[in-house]
Amino acid sequence: MTNSNTPLLPEMAEIWQQTLNWQPNTQQQAKFQQLYELILAGNSQLNLTRITEPQEFWEKHLWDSLRGIVLKKQFIESLQKGASVIDIGTGAGFPGIPVGMIMVNSQITLLDSTRKKIAFIDKVLTAIELSNCKTLVGRVEEIGQQTQHRQTYDLVLIRAVGTASECAEYSLPLLKQGGLAVIYRGTWTEEETTALQNAVKQLGGEIASIEQFTTPLTNSIRHCLYLRKVATTPPQFPRAVGIPHQKPL
Ligand code: SAM
């Protein structure tokens, strides 16, 4: 059901096809619209996102969220029965909710430390009937030390939560061996790669690839950093709440 006061999101079928070799079906497009309407409505009480114009929402929330995983088809398909996925610091549900809409056989955990945001997402998940997504409230530094979460995920997603080495410290402990973390970034430099390499090595990971691309409507620069877990993460990581941020590896 759509709300007649909210503008319609553009469909962009050709752009989806050209850039990601994928396009949403009618049901997925309807869910995108519902998500957009719920977020605009939620924005009046919660500070969910500054990105509210339809084209901008399409590009910076929907397209950007899916760009990180859609081109990793081989990896995604290798997870036969569906993957166990966690989105760290999901905020209003990005990238986790759009990813949940297309990885329908996977279980997506949407984690955030802000209870109000998670309460909002719970309502969204019910409204858009996304039964493969569930929420979790907590600080990732603590969640990463809990046996029910540590080393249990095939795929970790993390966008706009901190520096790359902070994100690596949050992500790698949660991954199973062989699993992949996707760190969504804007700009990126060679020097940052060197610093990240050092952090990733200490955490039992390696940089699998770094992809640079531009967004399809505004040509904004983006990077996705893909980290693979190749060894057990030492038990001291992630360090206590706030330390990965204050003293990055
Ligand atoms: N990932 C979303 C996006 O890209 O639109 C939201 C990004 S928002 C800038 C960062 C989010 O991470 C906030 O909702 C915040 O509450 C959450 N966050 C920050 N530090 C966290 C931590 N240590 N553990 C869990 N969530 C955290």
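Just so it is clear, the model here is predicted, and its values are computed rather than measured.
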Check the hydrophobic clustering (I, L, V, M, F, W, Y; side-chain heavy atoms under 4.5 Å; chains of links allowed) and say if [X] and [Y] are grouped together.
X: V182; Y: L110; answer: yes
X: Y184; Y: V140; answer: no
X: V99; Y: F213; answer: yes
X: I97; Y: W22; answer: yes
X: L111; Y: L155; answer: no

### Step-by-step side-chain hydrogen bond (donor to acceptor under 3.5 Å, both in side chains) determination, Q45 to K116
CA-CA 10 Å; Q45 284 139 32; K116 277 187 190 164; over 6 Å; no
If we only count heavy atoms from C-beta on, is the [X] to [Y] side-chain gap below 4.5 Å?
X: L35; Y: H61; result: no
X: I210; Y: H223; result: yes
X: I108; Y: N132; result: yes

Starting at [atom1] of [X], measure out to [atom2] of [Y] and round the result to the nearest 0.5 Å.
X: F57; Y: Q33; atom1: CZ; atom2: CD; answer: 9.0 Å
X: L125; Y: F120; atom1: CG; atom2: CZ; answer: 9.5 Å
X: E53; Y: L9; atom1: CD; atom2: CG; answer: 11.0 Å
X: M101; Y: Q27; atom1: CE; atom2: CD; answer: 10.0 Å
X: E192; Y: T194; atom1: CD; atom2: OG1; answer: 9.5 Å
X: F237; Y: T232; atom1: CZ; atom2: OG1; answer: 13.5 Å

Are the side chain of [X] and the backbone N or O of [Y] linked by a donor-acceptor pair below 3.5 Å?
X: K229; Y: G179; value: no
X: E59; Y: T218; value: yes
X: Q28; Y: N25; value: yes
X: N43; Y: T49; value: yes

#### Entry: E211 and its salt bridge (charged side-chain N to carboxylate O under 4.0 Å, His left out) partner, picked from R185, R67, R222
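Of R185, R67, R222, salt bridge (charged side-chain N to carboxylate O under 4.0 Å, His left out) with E211 is met by R67 alone.
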What are the two closest non-hydrogen atoms of [X] and [Y], and how far apart are they?
X: P54; Y: P7; answer: CG-CB, 3.9 Å
X: I69; Y: M103; answer: CD1-SD, 3.9 Å
X: A92; Y: I39; answer: O-CD1, 3.8 Å
X: D64; Y: R159; answer: OD2-NH1, 2.8 Å
X: A181; Y: S171; answer: CB-CB, 3.8 Å
X: P173; Y: P238; answer: CG-CD, 3.4 Å

### Message
So, applying side chain to side chain contact (heavy atoms under 4.5 Å, CB included) with L136, which one of D87, T90, D112, T109 is it?
### Response
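Single pass found, and it is T109.
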### Task
Using only heavy-atom distances, determine whether the side chains of E142 and Q146 contain a donor-acceptor pair under 3.5 Å.
no
